[in-house]
Amino acid sequence: MRLLIALILPWLTFFTIGRPIAGIICLILQVTLVGWLPAAIWAVYALSQYKTDQKIERSMRGR
């Protein structure tokens with residue numbers, strides 16, 4: 001679901017993963033039509049990093 005949000009509304013993805021400052025910057029970037037594609041790529045990248053961080057945190061808690 002977050003991946004779909006990252007492609008359609010990239011700025012909203014940052015708010016769902018707890019990065020509101022990046023979300024505001026992404027919203028400013030997305031306002032321009034040229035900036036929408038870089039904003040979407042940035043949001044997908046940030047989402048993948050968030051998922052990786054979650055996996056690392058879960059593995060560290062298991063020790």
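Ile21 is linked by a side-chain contact (heavy atoms from CB on, under 4.5 Å) to Ile25, counting only residues two or more places apart in sequence or in another chain. Take Ile24 and apply the side-chain contact (heavy atoms from CB on, under 4.5 Å) test, not counting sequence neighbours, and it matches Phe15, Ile28. Remark: Val44 pairs with Leu3, Ala6, Leu7 by the side-chain contact (heavy atoms from CB on, under 4.5 Å) rule, at least two apart or across chains.
What you find for Ile17 and Arg2 is that their closest heavy atoms are CG2-NH1, 4.2 Å. Between Phe14 and Ala22, the shortest heavy-atom contact is CD2-CB, 3.6 Å. Taking all atoms of both residues into account, the shortest heavy-atom contact from Thr16 to Thr13 is OG1-O, 2.7 Å.
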Next item on the list: Applying side chain to side chain contact (heavy atoms under 4.5 Å, CB included), run through Met60 and Glu57 and close with a yes or a no.
Entry: CA-CA 5 Å; Met60 294 304 278; Glu57 184 178 317; 5.9 Å; no
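When hydrophobic clusters are built by joining Ile, Leu, Val, Met, Phe, Trp and Tyr residues whose side-chain heavy atoms come closer than 4.5 Å, directly or via intermediates, Leu9 is grouped together with Leu27.
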Identify all side-chain donor-acceptor contacts of residues 32-41 below 3.5 Å with residues at least two apart in sequence or on another chain.
{"residue": "Thr32", "atom": "OG1", "partner": "Leu29", "partner atom": "O", "Å": "3.1"}
{"residue": "Thr32", "atom": "OG1", "partner": "Gly35", "partner atom": "N", "Å": "3.0"}

Output a table of donor-acceptor pairs, distance under 3.5 Å, between side-chain atoms of residues 46-56 and any protein atom two or more places apart or on a different chain; print 'none' if there are none.
{"residue": "Ser48", "atom": "OG", "partner": "Tyr45", "partner atom": "O", "Å": "2.7"}
{"residue": "Thr52", "atom": "OG1", "partner": "Ser48", "partner atom": "O", "Å": "3.0"}

